[in-house]
Amino acid sequence: MRLTPRIEENVPELPEVEVSRRRLAPMLIGRRLSEVSTSRPSRFFITDPRRLRERLPGRVVLDLVRRGKYLLVVLDDGSSLLLHLGMTGQLLCAGCSNPRLLLGGERVGERVAERAAERAAPPWPGFSPDQHTHLQLGFEDGGPAILFRDVRRFGRVMLVEPGEEVARLLRLGPDALEVSADQLWQASRGRRRAVKSMLLDQSVLAGVGNIYADEALFRAGVRPTRRAGRLRRQECEALAAALRQVLERGIETGGSSVDDFVAPDGSDGSYQTEHLVYQRDGQPCQRCGRELERVVVGGRSSHYCPSCQR
DNA sequence: ACCGCACCCTGAGCGC
DNA sequence: TGCGCTCAGGGTGCGG
């Protein structure tokens with residue numbers, strides 16, 4: 001019995017953003033930007049899109065850095081282009097053999113992207129930017145362009161000036177891939193909030209979203225509703241280990257398809273079948289057989305096994 | 001100081 | 001068939 005409607009998979013969390021960074025880096029580093037086009041000003045653009053079109057052309061990409069779920073495109077004048085993919089953000093390569101998915105937002109979006117691709121049109125062969133394509137980066141060498149598409153516009157784009165302090169980056173806690181048991185222990189002391197809320201709090205640890213939080217909590221045997229302050233030392237250790245495990249596995253499975261075209265319907269799917277609890281409420285726990293449950297914590301749906309997680 | 005929650009946004013899926 | 005309603009999610013900002 002499914003209590004919640006099927007929603008999009010592949011919401012970009014740390015592993016998806018990291019895979020995206022690895023795929024994108026060789027396509028960006030060393031190239032000089034030329035034409036840059038954007039959609040209309042909206043909340044999507046923290047920096048006015050007209051300024052992006054004015055400032056970006058001529059810049060050379062030096063590096064591509066990830067901080068939590070953010071990507072920073074480091075440019076040769078000391079500025080950086082900050083990208084956040086929100087829920088449905090996608091980075092696409094236009095001008096590659098296929099409109100290659102560099103990072104998947106939701107599958108639905110891919111289907112739309114495919115349909116748009118079938119209509120095939122300039123400015124770049126293989127993909128015609130649609131109404132959801134908000135940023136297009138063209139390069140002086142005339143090679144593949146990079147597109148940022150985002151159906152729900154929860155993503156963000158910002159130009160960071162040389163030396164500029166960016167509050168939203170300064171707020172970030174340690175990267176979730178490197179968070180230690182001790183850091184979780186310290187962060188949780190005296191806190192009454194649910195541990196699930198703590199894991200989603202980017203100022204405590206950066207990069208974890210709803211899917212990996214649920215999966216890590218299951219593997220650590222901790223119920224999402226548990227008060228953070230009630231965690232025992234040993235549970236913080238289990239959580240830190242579980243986080244590293246699921247995030248690294250996420251990167252591996254995402255990374256394993258780097259060289260393959262991602263099927264529009266996501267049917268290659270070695271990936272979503274690895275979720276042990278996420279969106280599996282009503283199904284039997286793969287460890288103990290008990291029916292998995294769903295509860296809302298901090299306004300986010302959480303999935304857990306009432307037997308395995310205490 | 002801490003924490004929960006509404007808000008933003010869109011499309012899928014459902015009921016009627 | 002088609003309309004209208006609900007819901008999901010990340011991050012921010014506000015109110016308690």
Side-chain angles (χ1 to χ4, degrees), chain A residues 1-17 20 39-46 66-71 82-91 103-116 130-134 148-158 166-173 175-176 186-215 224-230 264-266 272 275 277-282 294-303:
Chain A
M1 180 179 67
R2 172 159 292 280
L3 300 173
T4 50
R6 278 204 71 78
I7 58 139
E8 55 274 24
E9 317 255 347
N10 294 11
V11 175
E13 300 186 27
L14 186 153
E16 290 73 22
V17 179
S20 177
S39 58
R40 301 277 114 213
S42 70
R43 295 172 58 95
F44 186 80
F45 295 101
I46 297 169
R66 181 185 60 76
R67 300 255 180 89
K69 301 179 199 175
Y70 289 91
L71 278 179
L82 180 67
L83 308 175
H84 193 290
L85 296 150
M87 284 183 61
T88 55
Q90 301 175 309
L91 293 170
L103 175 72
E106 96 272 50
R107 241 180 261 155
V108 174
E110 294 174 34
R111 253 182 266 127
V112 175
E114 274 301 295
R115 268 187 257 119
D130 56 11
Q131 73 272 30
H132 301 302
T133 305
H134 301 297
F148 189 175
R149 216 180 150 259
D150 187 359
V151 171
R152 292 191 188 168
R153 289 190 282 144
F154 276 25
R156 294 290 179 265
V157 175
M158 175 185 182
V166 183
R168 63 189 73 214
L169 292 183
L170 293 174
R171 269 198 294 274
L172 294 179
D175 199 79
Q186 295 301 337
S188 60
R189 292 311 87 191
R191 302 302 167 85
R192 294 180 55 78
R193 68 197 309 203
V195 58
K196 170 76 180 279
S197 303
M198 186 181 82
L199 294 182
L200 294 179
D201 186 338
Q202 303 297 298
S203 68
V204 173
L205 68 167
V208 174
N210 210 30
I211 298 172
Y212 289 93
D214 279 4
E215 294 300 320
T225 48
R226 178 90 80 82
R227 305 257 191 213
R230 292 282 180 79
D265 62 357
Q272 62 270 28
H275 298 335
V277 288
Y278 186 71
Q279 287 197 343
R280 299 184 87 98
D281 47 298
R294 174 182 173 273
V295 66
V296 175
V297 180
R300 297 291 176 257
S301 62
S302 305
H303 314 77

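Order of the sequence lines fixes the chain letters, A, B, ..., with proteins taken first and strands second; residue numbering starts at 1 for each chain.
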- Message: Between A:R294 (side chain only) and A:H303 (backbone N and O only), is there a donor and an acceptor less than 3.5 Å apart?
- Response: no
- Atom CD of A:Q90 and atom P of C:dG10 are separated, to the nearest Å, by 16 Å
- Message: With the threshold set at under 4.0 Å for non-hydrogen atoms, list the residues of residues 198-210 of chain A touching DNA chain C in residue-number order.
- Response: A:Q202, A:G209, A:N210
- Task: Would you please confirm or rule out a distance under 4.0 Å between OP1 or OP2 of C:dG9 and any side-chain N or O of A:Y278?
- Result: yes
- Message: Under 4.0 Å, heavy atoms only, any strand: does A:F44 hit a base, just the sugar-phosphate, or nothing?
- Response: nothing
- Message: Counting C-beta onward and ignoring hydrogens, is there a side-chain heavy-atom pair between A:T225 and A:V295 closer than 4.5 Å?
- Response: yes
- Message: Rounding to an integer number of Å, can you tell me how far A:Q279 CD sits from B:dA12 C1'?
- Response: 13 Å
- Task: Would you mind reporting whether A:D214 and A:H275 have side-chain heavy atoms less than 4.5 Å apart?
- Result: no
- Message: Without decimals, in angstroms, what is the distance between A:E13 CD and C:dG11 P?
- Response: 9 Å
- Quick one: does A:E215's side chain have a donor or acceptor within less than 3.5 Å of a partner on A:Y278's backbone? yes
- Query: Given side chains that start at C-beta, do those of A:Y70 and A:V17 come closer than 4.5 Å, heavy atoms only?
  - Reply: no
- Task: Work out which heavy atom in A:L14 is nearest to a heavy atom in A:K69; give both atom names and the distance.
- Result: N-CG, 4.3 Å
- Minimal non-hydrogen separation, A:S20 against A:L71, with atom names: OG-CD1, 4.2 Å
- Reading nucleotides 4-10 of chain B from 5' to 3' and marking B where a protein heavy atom lies under 4.0 Å of the base, S where only the sugar-phosphate is that close, and - otherwise, the string is S---BBB
- Query: Given atom CD of A:Q131 and atom C1' of B:dG11, what is their separation to the nearest angstrom?
  - Reply: 12 Å
- Task: Would you check if the side chain of A:R66 reaches a backbone N or O of A:G68 as a donor-acceptor pair within less than 3.5 Å?
- Result: yes
- Task: Could you tell me whether the side chain of A:K196 reaches within less than 4.5 Å of the side chain of A:N210, counting heavy atoms only?
- Result: yes
- Task: Classify the angle between the aromatic ring planes of A:F44 and A:H134 as parallel (below 30°), tilted (30 to 60°) or perpendicular (above 60°).
- Result: tilted
- Which residues share a side-chain hydrogen bond (donor to acceptor under 3.5 Å, both in side chains) with A:H84, sequence neighbours left out: none
- Message: Which residues pass the side-chain hydrogen bond (donor to acceptor under 3.5 Å, both in side chains) test with A:S188, not counting sequence neighbours?
- Response: none
- Rounded distance (Å) that lies between atom P of C:dG9 and atom CD of A:E16: 14 Å
- Message: When you measure from the side chain of A:E13 to the backbone of A:I211, do you find a donor-acceptor pair of N or O atoms at a distance under 3.5 Å?
- Response: yes
- Item | Over all atoms of both residues, closest heavy-atom pair of A:L85 and A:Q90 | CD2-N, 4.0 Å
- Note on the structure: Stems of at least 3 consecutive Watson-Crick or G-U wobble pairs (donor-acceptor distances under 3.5 Å) involving DNA chain C, listed by first number, are B:2-16 with C:2-16
- Message: How many whole angstroms separate atom NE2 of A:H84 from atom P of C:dG9?
- Response: 15 Å
- Query: When the distance from CZ of A:R294 to C1' of C:dG9 is rounded to whole Å, what number comes out?
  - Reply: 12 Å
Write down the protein N/O and nucleotide N/O pairs, taken from nucleotides 13-16 of chain C, whose separation is under 3.5 Å; answer none if there are no such pairs.
none

